[in-house]
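First the proteins, then the strands, lettered A, B, ... as listed; each starts at 1. On a predicted model such as this, the values are computed, not experimentally measured, just so you know.
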There are 2 protein chains.
Amino acid sequence: MRHRREDVVARALQVLDDHGLADLTMRRLGTELGIQPSALYHHFPSKQVLLAAVADEILERGPRSSSEVLSDEPWEGRARAACHTLRDACLAWTDGAEVVATARAFGLGARAPYDELVGVLVTGGVDVDLAGSAARTLLHFVLGHATDEQTHRQAGSVGAIDTDPATDFTADFATGVDLVLAGLQARVRR
Amino acid sequence: MRHRREDVVARALQVLDDHGLADLTMRRLGTELGIQPSALYHHFPSKQVLLAAVADEILERGPRSSSEVLSDEPWEGRARAACHTLRDACLAWTDGAEVVATARAFGLGARAPYDELVGVLVTGGVDVDLAGSAARTLLHFVLGHATDEQTHRQAGSVGAIDTDPATDFTADFATGVDLVLAGLQARVRR
DNA sequence: ACCTGAACACCGTTCAAGT
DNA sequence: ACCTGAACACCGTTCAAGT
């Protein structure tokens, strides 16, 4: 019944995917691991920190099928690919987007996507301050959109909200990302 | 000790502003009104619905000081003003942005800003599908940015996160909104 | 290093009953 | 129409103690 920190994170991710964020409680996770909930506090100082570790695990595992990104692409294409990869990684797990968004909001993890986006933009010649603002704008959109998509899809299966079946989330997502990138291109070209 | 629905919403908004979203519990609100928590379920079917009513109240009351918006401005200016007004309305209350964002996420209210943005864009000649995508992109950014700002400001006063005092949230916000609007303009001009 | 067991201080929600 | 009182089924976290 003895576990390491990484075992706990892996099990938490499994509980998340099988039952959703609302059911990922310290008591439930303890039961799932065959230990008392209080034992979790040997591995993590709080539930927030545990969730941040789950968010980082989601980002490290990445999307189920990763699309190739050519390193000789222009920065717009690479930034677009980074956004779609982040979305796919979040959508691969139940409530994945909300977990990543929450970790980011508390400043406890999930820093990799921001760093990657800023890196792509700065390497492409975008001013570092503007690159930061653009990266944050893109991340607000990506995580907000993906969270909405997962919320609405679940609500449909429970029957709480009327979810329009005709909504093409992927096309709508692409439009939003391209809007921000087009604005950035316009600004970079003076 | 008898209250109407609007009394309950007003008191909830006061508890929110004085103590934050974490302390806005059904039990706390009941105590504040001098009634049992169960009595709140006479006015609202759930806490989620109560919070949606609080979100709508925040939007109706608007920002503390409203900046003039000339109706003969071009659509870019009117959309920009709508975004800044929404941000100011949220920032006027403790955790206001999170309450509005949550209500929107659950589809239970806070529809006015979306309707207003779509209206401004469509009146300006933007295709209705594109106007919808752009409005949702702007709202993800506005509410995400404002939520972050309020979270980081509070974290600073509690000491949980290192909040950079040099961060100019208002300038960063304006940059993000203008990025999306510039992308939309580029797209509309073919 | 990792865990138990018990406790503390809470939650949202339901429901029969009262006025 | 609006509220009480009691209960149900939970939470996150702390802490002394065990191996």
> Would you say A:Phe141 and A:Thr137 make side-chain contact, with heavy atoms under 4.5 Å?
Replying inline: no
> Does any residue of residues 40-50 of chain B have a heavy atom under 4.0 Å from DNA chain D, and if so, which ones, in number order?
Replying inline: B:His42, B:His43
>> For the P atoms, the ones on C:dC10 and on D:dA9, what distance do you get once it is rounded to whole angstrom?
In response: 22 Å
Show me the donor-acceptor pairs, under 3.5 Å and distance only, between side chains in residues 51-63 of chain B and residues at least two apart or in other chains.
unit_1  : atom_1 : unit_2   : atom_2 : d
B:Asp56 : OD1    : B:Ala110 : N      : 2.9
B:Glu57 : OE2    : B:Arg61  : NE     : 2.8
B:Glu57 : OE2    : B:Arg61  : NH2    : 3.3

>> Could you walk me through whether B:Gln154 and B:Asp95 satisfy the side chain to side chain contact (heavy atoms under 4.5 Å, CB included) test, starting with their C-alpha distance in whole Å, then the side-chain angles of each, then the deciding distance to 0.1 Å, before giving a yes or no?
In response: CA-CA 9 Å; B:Gln154 290 174 236; B:Asp95 292 332; 2.6 Å; yes
> Taking 5' to 3' order, which nucleotide of DNA chain D is first and which is last to have an atom within less than 4.0 Å of a heavy atom in chain A?
Replying inline: D:dC11 to D:dC15
>> For B:Asp172, give me all partners under salt bridge (charged side-chain N to carboxylate O under 4.0 Å, His left out), at least two apart in sequence or on another chain.
In response: A:Arg136
>> Taking the basic N atoms (NZ, or NE/NH1/NH2) and the acidic carboxylate oxygens, is any pair closer than 4.0 Å for A:Arg80 and A:Glu73?
In response: no
> Residues in side chain to side chain contact (heavy atoms under 4.5 Å, CB included) with A:Arg189, at least two apart?
Replying inline: A:Gln185
> Heavy-atom contacts under 4.0 Å between residues 9-32 of chain B and DNA chain C, which residues?
Replying inline: B:Thr25, B:Met26, B:Arg27
>> Before you tell me yes or no, could you show the steps for B:Leu91 and B:Gln150 under side chain to side chain contact (heavy atoms under 4.5 Å, CB included), namely the whole-Å CA-CA distance, both residues' side-chain angles and the distance that decides it to 0.1 Å?
In response: CA-CA 7 Å; B:Leu91 294 186; B:Gln150 291 188 310; 3.6 Å; yes
> What residues, two or more places apart in sequence or in another chain, satisfy ring pair (Phe, Tyr, Trp, His ring centres under 6.0 Å) together with B:His43?
Replying inline: none
> Mind checking what makes side chain to side chain contact (heavy atoms under 4.5 Å, CB included) contact with A:Asp129, not counting sequence neighbours?
Replying inline: A:Asp127
> Any ring-ring contact (aromatic ring centres under 6.0 Å, His included) pairs touching residues 71-94 of chain A, not counting sequence neighbours?
Replying inline: A:His84-A:Phe173
>> Using the side chain to side chain contact (heavy atoms under 4.5 Å, CB included) criterion, which residues pair with A:Ala39? Sequence neighbours excluded.
In response: A:Ile35
>> Using the P atom as the point on both nucleotides, what is the distance between C:dC2 and D:dA17, in whole Å?
In response: 22 Å
> Paired stems touching DNA chain D, three or more consecutive Watson-Crick or G-U pairs with both distances under 3.5 Å?
Replying inline: C:4-8 with D:12-16, C:12-16 with D:4-8
> Which pairs with one or both residues in residues 22-47 of chain A pass salt bridge (Lys or Arg N to Asp or Glu O under 4.0 Å), sequence neighbours excluded?
Replying inline: A:Arg28-A:Glu32
> When rounded to the nearest 0.5 angstrom, what is the spacing between CG in B:Asp148 and OG1 in B:Thr167?
Replying inline: 11.0 Å
